[in-house]
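Index from 1, following the sequence. Indexing begins at 1, ligand by ligand and atom by atom, following the structure's order.
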Amino acid sequence: MYAMQEVKGQKRVSETLRRGEKMEEKLEKLKAEEKKIGMTEAWLRKHRLLYTGATRHPFIHSIRDGTIDIAAFKTWLAQDYLFVRAFVPFAASVLIKAYKESDDDTDIEVILGGIASLKDEISWFKSEANKWGISLSNVVPQKPNKNYCGLLESLMRPEVEYTVAITAFWAIEAVYQESFAHCLEEGSQTPEELKEACERWGNEGFAQYCQSLQKIANLRLQKASDDELKNAEVALLSVLEHEVEFWNMSRASV
Ligand SMILES: Cc1ncc(CNC=O)c(N)n1
């Protein structure tokens with residue numbers, strides 16, 4: 001008898017929690033509409049601390065102020081090469097979802113542009129590794145890298161909606177854009193030999209590409225169901241957390 005009541009009580013609690021979450025999503029949506037900003041911007045404001053943690057990490061600061069230990073940069077380079085290799089099939093999965101679910105042809109063009117530049121990026125990683133005397137064929141992925149690639153794998157599943165996947169895709173690209181652009185701003189003391197790496201993601205073209213992705217995500221999120229909204233926000237938070245861990249890993253290697 002008591003057990004039955006407890007089960008009922010638990011059900012009521014979880015039902016209430018679920019309702020609370022739904023209301024919270026609706027509130028975020030209203031806030032975004034009121035301020036005439038997109039959903040992604042509303043979420044970044046809500047999770048400012050985490051976003052700053054991902055885009056203004058001590059690893060990035062150390063590049064910007066020139067105090068970086070080159071061993072940390074080399075670790076990042078080798079690990080990121082592996083990440084980018086895993087990022088290609090993820091990008092391809094987003095392309096497939098866009099083809100199936102989007103009614104806007106330009107989505108495909110934006111995503112395809114991203115995939116095309118990944119080919120160039122992989123070549124760059126190889127020549128950069130060569131320059132630093134790193135052998136990429138012997139690199140073993142570290143735990144945070146494996147975890148991040150695991151997230152990509154889970155987002156590649158066919159049951160993950162396009163809206164959720166494109167939100168994650170935008171966030172992954174935007175973190176690198178914001179981080180490396182910071183290393184190139186006025187007053188930064190980024191070492192000459194690291195500037196090329198920073199320009200890969202910190203350049204104006206990459207910034208515009210990120211804005212295009214953000215615009216696509218916002219349009220989709222505007223029309224999304226409560227469930228999709230929740231999943232997209234969770235995906236965004238997961239991306240930001242994994243990015244922080246990825247920077248931590250690079251720094252911890254020295
Ligand atoms: C860990 C991580 N996050 C984002 C990017 C940027 N996307 C593709 O290059 C990256 N290279 N690595």
*asked:* Please determine whether a side-chain nitrogen of the Lys or Arg among Glu21 and Arg18 lies less than 4.0 Å from a carboxylate oxygen of the Asp or Glu.
replied: no

*Please name the residue in the list Glu243, Lys143, Gln142, Glu245 that meets the side-chain hydrogen bond (donor to acceptor under 3.5 Å, both in side chains) test with Tyr148.*
Glu243

*Answer with side chain, backbone, both or neither: which part of Val84 has a heavy atom less than 4.0 angstrom from an atom of ligand 1?*
side chain

*Would you check the N or O atoms of Trp201, main chain and side chain alike, for any that come under 3.5 Å of an N or O of ligand 1?*
yes

*With a cut-off of 4.0 Å, which atoms of ligand 1 are near a heavy atom of Glu121?*
8 (C), 9 (O), 11 (N)

_ligand 1 contact by Ile172, heavy-atom criterion under 4.0 angstrom_ = yes

*For ligand 1, which atoms, with element, lie under 4.0 Å from some heavy atom of Glu243?*
1 (C), 2 (C), 3 (N), 4 (C)

_Proximal atoms of ligand 1 relative to Phe87 (non-hydrogen, under 4.0 Å)_ = 7 (N), 8 (C)

*Please check if atom CG in Leu49 has more than 12 non-hydrogen atoms from other residues, nucleotides or ligands closer than 6.0 Å.*
no

*Decide, yes or no, whether a salt bridge links Arg45 with Glu41 under the criterion of side-chain N to carboxylate O below 4.0 Å.*
yes

*In terms of side-chain geometry, is the basic nitrogen of Arg200 or Asp120 positioned less than 4.0 Å from the acidic oxygen of its partner?*
yes

*Closest protein heavy atom (residue, atom, distance) for atom 11 (N) of ligand 1*: Asp80 OD2, 2.9 Å

*Thinking salt bridges, do Glu233 and Lys46 make one under a 4.0 Å N-O criterion?*
yes

*What's the shortest distance from atom 10 (C) of ligand 1 to any protein heavy atom, and which residue and atom give it?*
Tyr176 CE2, 3.2 Å

*Are Glu15 and Arg19 close enough for a salt bridge, meaning some N to O gap below 4.0 Å?*
yes

*Which atoms of ligand 1 are found less than 4.0 Å from any heavy atom of Glu173?*
6 (C), 7 (N), 8 (C)

